[in-house]
Amino acid sequence: MSTNVLRTADGWWVVLGDRAVPVGTKAATTAELIADRAAVRAAALSGEAGTPVADLVALSPVTTPCRVVAQMVNYRSHARESGFTGDIPPAFFRKASGSVSGPGEAVVRPPHVRFLDYEVELGLVMGAPLPVGTVVEERDLPSYVAGLVITNDISARDVQLTRTQFYESKSYPTFTPTGPHLALLEPEDFAHLPDLRLRLSVNGDPRQDRTLADMIVRPARALTLLARFQTLDPGDLLLTGTPGGTALKAPPKPVEKIGALLPPAVKWRAFFRTQARNPRYLHEGDLVTATIATPDGRIDLGEQRTPVADAPGDPK
């Protein structure tokens, strides 16, 4: 069974139901905690009464700096809504690790961003080095992946689309809420990854709800493709894509064809006039709730609840 760990300003804790037991470790980083699994196991078996989880303020269980890599268009439902047809080539992009924030920390919309979107994603936390040239088979996943986290790939769509700029549009501070739990997996847990269900709601309104069965490139294949050019180290984070249900959707094909005939500036003005009528983008005061778990609870990454706020001085 997986072991859920959370991090606070006071250190690391093993989550046991509604209570948490401190881990007796000097680990300051996620990589160091993963290397000290013995201390995690000792805390889980200590029999201590622990502290109510509700009394703890969880930080991101993925410490920074680290590499943050993400898969692009990796769920069939998201591909359909994005207007993709046929085979979709695997693609990756980087996010700044400065975008990683805690599971209850506010997502802050920069003043120049109008169209703020959400993307719940399963995060893989590396437990061993992945050198360039590594080939990862399904049976090898436990050798490289230590655990799982909930992540939200917050996206400034107006920056992303008009500038074709994934790195900037997804890397502002607070644009990768992470946690609350780092689920440290045992080898037998990996067989249950396809059962994981990703759910996201905004103000209680369900927006995203899919299992990993909707995923196009599974984790072992993704790591193999990534290792063609990218090294990963313990504590690094791979976001594995988001299912359908985001605010942004491709326009109907006839509209898209007409738009292709227009000068770029005219096309984008028309597109964003339409998007301005879309109520699903995030606004100040919204509350985004995300969960990832198997139906039987064998793997449960907790509940992420992030409010949305405008940056100070943001013009209304």
Side-chain angles (χ1 to χ4, degrees), residues 1-64 66 100 102-104 122-130 138-151 177-198 212 219-220 232-238 290-305:
M1 293 286 288
S2 61
T3 303
N4 282 343
V5 177
L6 62 78
R7 184 172 71 99
T8 70
D10 296 322
W12 301 91
W13 306 71
V14 169
V15 178
L16 302 171
D18 61 355
R19 304 188 73 82
V21 174
V23 179
T25 180
K26 295 181 180 179
T29 68
T30 304
E32 291 170 350
L33 178 79
I34 291 168
D36 198 3
R37 288 286 287 264
V40 174
R41 293 189 181 95
L45 299 173
S46 68
E48 291 186 34
T51 298
V53 172
D55 292 347
L56 301 175
V57 178
L59 305 176
S60 166
V62 176
T63 56
T64 57
C66 66
V100 173
L122 176 67
L124 307 183
V125 180
M126 301 303 294
L130 182 79
E138 289 291 336
R139 63 179 179 273
D140 301 324
L141 272 177
S143 299
Y144 294 101
V145 176
L148 311 174
V149 290
I150 300 172
T151 61
T178 302
H181 298 161
L182 166 61
L184 295 174
L185 303 183
E186 299 298 333
E188 60 270 20
D189 293 322
F190 285 83
H192 299 268
L193 295 191
D195 300 328
L196 286 168
R197 190 168 207 97
L198 289 72
L212 262 65
L232 292 178
D233 290 311
D236 286 346
L237 177 62
L238 173 62
T291 61
I292 300 178
T294 57
D296 60 4
R298 181 188 183 101
I299 304 173
D300 187 340
L301 308 186
E303 183 179 67
Q304 184 181 108
R305 294 171 61 83

Practice problem: Test Trp13 against Thr8 for side chain to side chain donor-acceptor pair (under 3.5 Å), laying out the working first. | Solution: CA-CA 8 Å; Trp13 306 71; Thr8 70; 3.0 Å; yes
Practice problem: Would you give the length of the straight line joining atom OG1 of Thr25 to atom CG of Asp36, rounded to the nearest 0.5 angstrom? | Solution: 3.5 Å
Quiz item: Of all heavy-atom pairs between Glu188 and Met1, which one has the smallest distance, and what is that distance?
Solution: OE2-N, 3.8 Å
Self-check item: Residue pair Ala44 / Leu16: nearest heavy atoms and the distance that separates them
Solution: O-CD1, 4.0 Å
Quiz item: Can you find a pair of side-chain heavy atoms, one from Val149 and one from Leu237, that are under 4.5 Å apart?
Solution: yes
Exercise. Could you tell me whether the side chain of Arg7 and the main chain of Trp12 form a donor-acceptor pair under 3.5 Å?
Key: no
Self-check item: Where Pro61 and Thr30 come nearest, the two heavy atoms and their spacing
Solution: O-OG1, 2.7 Å
Exercise. To the nearest 0.5 angstrom, please state how far the CG atom of Leu182 sits from the OG atom of Ser60.
Key: 9.0 Å
Self-check item: Stepwise side-chain contact (heavy atoms from CB on, under 4.5 Å) test for Val15 and Val5
Solution: CA-CA 6 Å; Val15 178; Val5 177; over 6 Å; no
Self-check item: Partners meeting side chain to side chain donor-acceptor pair (under 3.5 Å) with Arg197 (sequence neighbours left out)
Solution: Asp209
Practice problem: Using the side-chain contact (heavy atoms from CB on, under 4.5 Å) rule, take Val145 and Val125 through it: C-alpha gap first, then chi angles, then the decisive distance, then the call. | Solution: CA-CA 6 Å; Val145 176; Val125 180; 6.0 Å; no
Quiz item: Taking NZ, NE, NH1 and NH2 as the nitrogens, is one of them in Arg37 or Glu186 under 4.0 Å from a carboxylate oxygen of the other?
Solution: yes
Quiz prompt | Polar contact flag, side-chain donor to acceptor under 3.5 angstrom, Thr63-Thr29 | solution = no
Quiz item: Is a donor on one side and an acceptor on the other found under 3.5 Å between the side chain of Asn4 and the backbone of Asp300?
Solution: yes
Exercise. Taking all non-hydrogen atoms of both residues into account, name the closest pair between Ser46 and Ala43 and its distance.
Key: OG-O, 2.9 Å
Practice problem: Mark yes or no for whether Thr64, through its side chain, and Cys66, through its backbone, hold a donor-acceptor pair below 3.5 Å. | Solution: no
Practice problem: Would you please test Leu122 and Thr151 for side-chain contact (heavy atoms from CB on, under 4.5 Å) and show each step? | Solution: CA-CA 6 Å; Leu122 176 67; Thr151 61; over 6 Å; no
Quiz item: Roughly how far, to the nearest 0.5 Å, is CG of Leu185 from CG of Leu124?
Solution: 9.0 Å
Quiz item: Could you state the interatomic distance from CG (Leu196) to CD1 (Ile292), rounded to the nearest 0.5 Å?
Solution: 7.0 Å
Quiz item: Is the closest side-chain heavy-atom distance between Pro234 and Met126 below 4.5 Å?
Solution: no
Quiz prompt | Which atom of Gly302 lies closest to which atom of Ile150, heavy atoms considered | solution = O-CD1, 3.3 Å
Practice problem: Decide yes or no on side-chain contact (heavy atoms from CB on, under 4.5 Å) for Asp195 and Ile299, but give the supporting numbers first. | Solution: CA-CA 9 Å; Asp195 300 328; Ile299 304 173; over 6 Å; no
Quiz item: When rounded to the nearest 0.5 angstrom, what is the spacing between CD in Glu138 and CZ in Phe190?
Solution: 10.5 Å
Quiz item: Just how far is it from atom CG of Asp236 to atom CG of Leu130, taken to the nearest 0.5 Å?
Solution: 9.5 Å
Quiz item: Which atom pair, heavy atoms only, marks the closest approach of Ala58 to Pro180?
Solution: CB-CB, 4.3 Å
Practice problem: Evaluate the criterion side chain to side chain donor-acceptor pair (under 3.5 Å) for residue pair Ser2 and Asp189; output intermediate values, then yes/no. | Solution: CA-CA 7 Å; Ser2 61; Asp189 293 322; 4.7 Å; no
